[in-house]
Structures are given as structure tokens and as C-alpha cells.
Amino acid sequence: MATHSADLLTGVRIVDLTTTFMGPYCTMQLARLGADVVKVEDPKGDVVRGILDHDGTGLGPIFLSANHGKRSLAVDLKNERGCDLLFELVAAADVFVSNMRPRALERLGISTEAILDRNPRCIVANLVGFGAGGRYDGTAAYDDVIQAVSGMAAVQGGPEGPPTYVKSAIADKTVGLVAANSILAALFSRERTGRGCAITVPMFETMAAFNLLDHQGARTYDPPRGDTGYPRLMSPFRRPYATSDGYLGVVVYTDRMWLSFFDLIGRPELTDDPRYRTITGRTQHIDELYALVDHELRKHPSAYWEKALAGADIPVIPVRSLDDLLDDPHLTDVDFFESVDHPVAGPLRLAPYPANFSAGTGAGVRPAPTLGQHSRQVAAELSLPPETIQSLIDDGVLVETTIGVHS
């Protein structure tokens, strides 16, 4: 039976020194595949714990979504004993992931070289804002900054509008996925070579490649044969289309689809228009075509167009809000959401790892940890004597929380 969660990475330990969105999203993917992810947090905790945390538990909804499947070790890395404990953890780890600036890591003595000297089999993945050696190297980078510099904001604004951001942390999540993919490749390589390696995943370069895939356009050629941008995606008429009573997502794309659409609207003669016969011509005149779609769909209600377009095998679907998504009938049909009972936050409804696996067995979903929930447990796994662990806790080097009971 297919399952969303899998134990394919069982036995892989990941030391996760990441905060905010990008790094935690990366390591959450790996946790859902069965890896043991130890989230190493500052004694104050990942700042995302506080976003929309109206109960003051440090378990805001974004933190709960991005960190389920992990264990929390809260340790003061500015204390030498805290750093020593981290290195003990890294010495037995398969992967070390960080999104701290390299210079900040070096100040703590946690350089890539130091980790690989201690554990040559370790995969050391650093998620950074900008690649080393460039003039932006060391510049502070958040999703908004990367959307701005990578062309994403300009593309969203279009050729005439002001630049604007995608209303999702698209850079953070995209880079997180690239990082997870790179870590998996490095683990596969290690199975062949027995050696670990260092990986650097820069946000700017990742999102530049992401945007240039479809928008480098005629400047892909050297010398250039025209301008950047994919006209179909840049058209101001590429948007959810208004019907007489709502909005629909519609894509008329292939030769056959356009022929069918022209018939549906009673304009079969457009099939013979030289501007619209081929995808090359349609791309050059896409604004005219999409303006036509926009004009025609306003004439009838959504139900009419859903039946007509689906009957012509033209992709059509209602526009859903985020609230609608939570009750989407298809997601209900496929049992998309997972129910988790968190000991502090109470019952939760979480999105799963979206792929289905026929291999492996379904792994239970470990709820996101409270700050330092597993500090004592992880320290004990390093064979530290109980009195040493207690001393670290008493001195504030390790922080643990007592799990409460949700009422």
C-alpha cells in the first residue's frame, strides 16, 4: 500500500542547525523520509516559534508545520561546553545542515573543515544567501531580498507594473528543496565512495537558475536573438478568468485546444489565422489570444464553462481560496491531511510529505518538539553520564522543557 511518510532514510542522523523557513523546510523533507533530525536550537529557540503563537507555547503554526518529525536539542553554542557537545553529536552524524552565515559558524569554531576533520563521512550542507567570491557574499539574505535580486519580484510586476513579491516564501522553500535533493545525492555518493563532502546551496544563484529556466528567452543564445521573458507567462491576461459569476483557472495551450476553443466561442475562422496556427505564432500574439479568452468567459457562468471546456478536453478548474483548500473534496478523497495529537498544542491537522511510496512502511508523524524537549535524551545518546547532563542543564548550557498537557 502506498504511503506518504516512509522509512527510507531510517538510520540516517541529521544535525539540523537551521532556523526560520529555508533550512527547516529542507530538513523536514528528510525527517518525513525517515531520517532522525536533531534540531539544534539556541536557548531562546527558533524565532519562527513565535509567529502567530497566541498561546505563548513557542508552537506557532508555521513552526509546527516546518518542524514536525524532528527532535529539539537546545544548547548554548557560545559556551565552550555547548560547542563540545555539538561536535560530539556531529561526530556520529551522517549530515550537518546549517543556514547560518559561514563567518558566524567560524566564530563558533564550527567550520566545514573542522566538521569533516572530525567526521570524514559527514555530509556538510551550508545554505547561504550568496555564493562565495561574489560581491554579494556575506550580505544578509531573506526570502524578500532574494525575490528582489533574483528577478522574481520584477517578473511578478510584469513589464509595466511595479515589482511585487510572490505572496509565499517561494525562495526559502525552493532553496530548501534543492538543498534536500543535494543532500540525498551526496548520501548516495557516500554509499559508493565512503566519503562525505561539503555542499553549498546559495539562495541567489538557486533562484536565478529557477527564473532563467523559462524567462532567459532569446538571451539563451549567444549572441542573443532577442529579449528575456516568456511572453505567455508575462501576459497581463494570464490570470484566473472572471466568468459571469466567479473565477476559473483555464489553460488553452496546444493546437487542438485552440481549435476546440475557437469552435466553442463560434469563431472557427480563427483557426486559419496565420498568427494562431502554430505555438510560435501564438506565443508572439499571446496577449491578443488571452484577451479573447478573458472577454469570452465573462459571457457565461462558471458551471457553463466547466462543462463546455471539460467536454473539449481543455484544462479548467475553479479558483480555490486557502480556506477552500482545507476542505477541498479531492484532498479529502485521497486522505491528504494527517491528524496529529500534540501533547501541548492539542489536535493538529498537517499537510503530509506529498509523494507516495510503495516501498518502505508508513512512519508515524512525530509532532514538532517544544524547545529543548529532547535535550536530555540526545545528550544521553552521546553516552554522557547523567550527572554531566544535569550539570549542563543546571549551568544553562543545555535547556530542556517539561511537556505540558493540552487542556
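- Between Gln390 and Ile393, the closest side-chain pair of non-hydrogen atoms falls below 4.5 Å.
- Between Val316 and Ala310, the shortest heavy-atom contact is CG1-N, 3.9 Å.
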Test side chain to side chain contact (heavy atoms under 4.5 Å, CB included) on Leu8 and Phe357 and set out the steps.
-> CA-CA 9 Å; Leu8 303 179; Phe357 296 90; 3.5 Å; yes
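- In this structure a side-chain-to-backbone donor-acceptor pair under 3.5 Å is present from Glu205 to Gly131.
- The minimum heavy-atom distance between Leu264 and Ala312, with the atom names listed, is CD1-CB, 4.0 Å.
- A donor-acceptor pair under 3.5 Å is formed between the side chain of Asp245 and the backbone N or O of Ser302.
- Shown here is Leu331, whose CG atom has more than 12 heavy atoms of other residues, nucleotides or ligands within 6.0 Å.
- For the atom pair Trp305 CH2 and His300 NE2, the distance stands at 5.0 Å (nearest 0.5 Å).
- Using modelled atom types, no side-chain atom of Arg238 and backbone atom of Pro231 make a donor-acceptor pair closer than 3.5 Å.
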Side-chain atoms of residues 88-97: list all donor-acceptor pairs with protein atoms under 3.5 Å, sequence neighbours left out, distances to 0.1 Å.
residue	atom	partner	partner atom	Å
Glu88	OE2	Arg118	NH2	2.8
Asp94	OD1	Arg190	NH1	3.3
Asp94	OD1	Arg190	NH2	2.8
Asp94	OD2	Arg13	N	2.8

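- Shown are Asn79, Ile389, Leu77; of these, the side chain to side chain contact (heavy atoms under 4.5 Å, CB included) with Val397 is made only by Asn79.
- Side-chain atoms of Thr200 and Asn126 form no donor-acceptor pair, as typed in the model, at a separation below 3.5 Å.
- Across all non-hydrogen atoms, the minimal contact from Leu85 to Ala379 is CD1-CB, 4.5 Å.
- Put simply, CG on Leu9 and CG on Asp7 are 9.0 Å apart, with the number rounded to the nearest 0.5 Å.
- Atoms CD1 and CD, from Ile317 and Glu306 in turn, are 8.0 Å apart once rounded to the nearest 0.5 Å.
- His295 meets the ring pair (Phe, Tyr, Trp, His ring centres under 6.0 Å) test with no other residue; sequence neighbours excluded.
- Atom CG of residue Leu289 and atom CZ of residue Arg282 lie 7.5 Å apart, to the nearest 0.5 angstrom.
- In this structure, the side chain of Asp273 engages the main chain of Arg275 through a donor-acceptor pair within 3.5 Å.
- Counting heavy atoms of neighbouring residues, nucleotides and ligands inside a 6.0 Å radius, atom CZ of Phe87 exceeds 12 of them.
- In this structure, Thr243 contributes its side chain and Pro301 its backbone to no donor-acceptor pair below 3.5 Å.
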Taking it one step at a time, do Phe210 and Thr206 satisfy side chain to side chain contact (heavy atoms under 4.5 Å, CB included)?
-> CA-CA 6 Å; Phe210 182 93; Thr206 298; 5.6 Å; no
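- Counting heavy atoms from C-beta outward, His215 and Thr228 have side chains that stay 4.5 Å or more apart.
- Side-chain N or O atoms of Ser375 include one that pairs as donor or acceptor with a backbone N or O of Ala74 at under 3.5 Å.
- Shown here for Asp16 and Lys70, the closest heavy-atom pair between the two residues is OD2-NZ, 3.5 Å.
- Enclosure of atom CZ in Arg219 is not indicated, since only 12 or fewer non-hydrogen atoms of other residues, nucleotides or ligands lie within 6.0 angstrom.
- Arg349 CZ: more than 12 foreign heavy atoms inside a 6.0 Å radius.
- A donor-acceptor pair under 3.5 Å is absent between the side-chain atoms of Asp214 and the main chain of Tyr230, judged by distance alone.
- Between Tyr241 and Tyr290, some side-chain heavy-atom pair lies under the 4.5 Å cut-off.
- Of the possible polar contacts, none joining the Thr57 side chain to the Asp53 backbone as a donor-acceptor pair under 3.5 Å is found.
- Residues forming a ring pair (Phe, Tyr, Trp, His ring centres under 6.0 Å) with Phe262 (at least two apart in sequence, or on another chain): Trp258.
- Between Val340 and His68, the closest side-chain pair of non-hydrogen atoms is not below 4.5 Å.
- Distance CD/Gln284 to CD1/Ile279: 11.5 Å, rounded to 0.5 Å.
- The main-chain N or O of Asp46 is found under 3.5 Å from a side-chain atom of Glu41 such that the two form a donor-acceptor pair.
- The CZ atom of Arg32 sits 7.5 Å away from atom CG of Leu350, with the distance rounded to the nearest 0.5 Å.
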Table please: side-chain donor-acceptor pairs of residues 170-189 below 3.5 Å, with sequence neighbours left out.
residue	atom	partner	partner atom	Å
Lys173	NZ	Ser168	OG	2.7
Thr174	OG1	Ile170	O	2.7
Ser182	OG	Val178	O	2.8

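- The closest side-chain heavy-atom distance from Pro315 to Met257 is below 4.5 Å.
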Using the side chain to side chain contact (heavy atoms under 4.5 Å, CB included) rule, take Thr19 and Val48 through it: C-alpha gap first, then chi angles, then the decisive distance, then the call.
-> CA-CA 7 Å; Thr19 61; Val48 174; over 6 Å; no
Counting only pairs under 3.5 Å, give me each side-chain donor-acceptor contact of residues 101-111, with atom names and distances, residues two or more places apart or in other chains.
residue	atom	partner	partner atom	Å
Arg101	NH1	Gly138	O	3.1
Ser111	OG	Ala114	N	3.1

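- Within the 4.5 Å cutoff, no side-chain heavy atoms of Val38 are placed close to those of His374.
- Each of Asp394, Asp76, Asp395 was compared with Arg81 under the salt bridge (Lys or Arg N to Asp or Glu O under 4.0 Å) criterion, and only Asp395 meets it.
- In the displayed structure, Lys299 atom NZ is contacted under 6.0 Å by more than 12 heavy atoms of other residues, nucleotides or ligands.
- Residue Asp227 qualifies as open at atom CG: its count of foreign heavy atoms under 6.0 Å is 12 or below.
- Scanning all heavy atoms of the two residues, the minimum distance from Asp341 to Pro347 falls at OD1-N, 3.8 Å.
- When all heavy atoms of Asn99 and Thr18 are compared, the closest pair comes out as OD1-CA, 3.2 Å.
- At a cut-off of 3.5 Å, with distance as the only test, a side-chain donor of Asp324 or Ser321 sits close to an acceptor on the other residue.
- Two residues are said to be in side-chain contact when any heavy atoms from C-beta on lie closer than 4.5 Å; His330 and Phe336 fail this criterion.
- Side-chain atoms of Arg71 do not come within 3.5 Å of backbone N or O of Gln377 as any donor-acceptor pair.
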Show your working on side chain to side chain contact (heavy atoms under 4.5 Å, CB included) between Phe337 and Leu326 and close with a plain yes or no.
-> CA-CA 9 Å; Phe337 290 103; Leu326 295 172; 3.8 Å; yes
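- By the ring pair (Phe, Tyr, Trp, His ring centres under 6.0 Å) test, Tyr136 pairs with Phe130, Phe204, sequence neighbours left out.
- No side-chain heavy atom of Leu292 sits under 4.5 Å from any side-chain heavy atom of Phe237.
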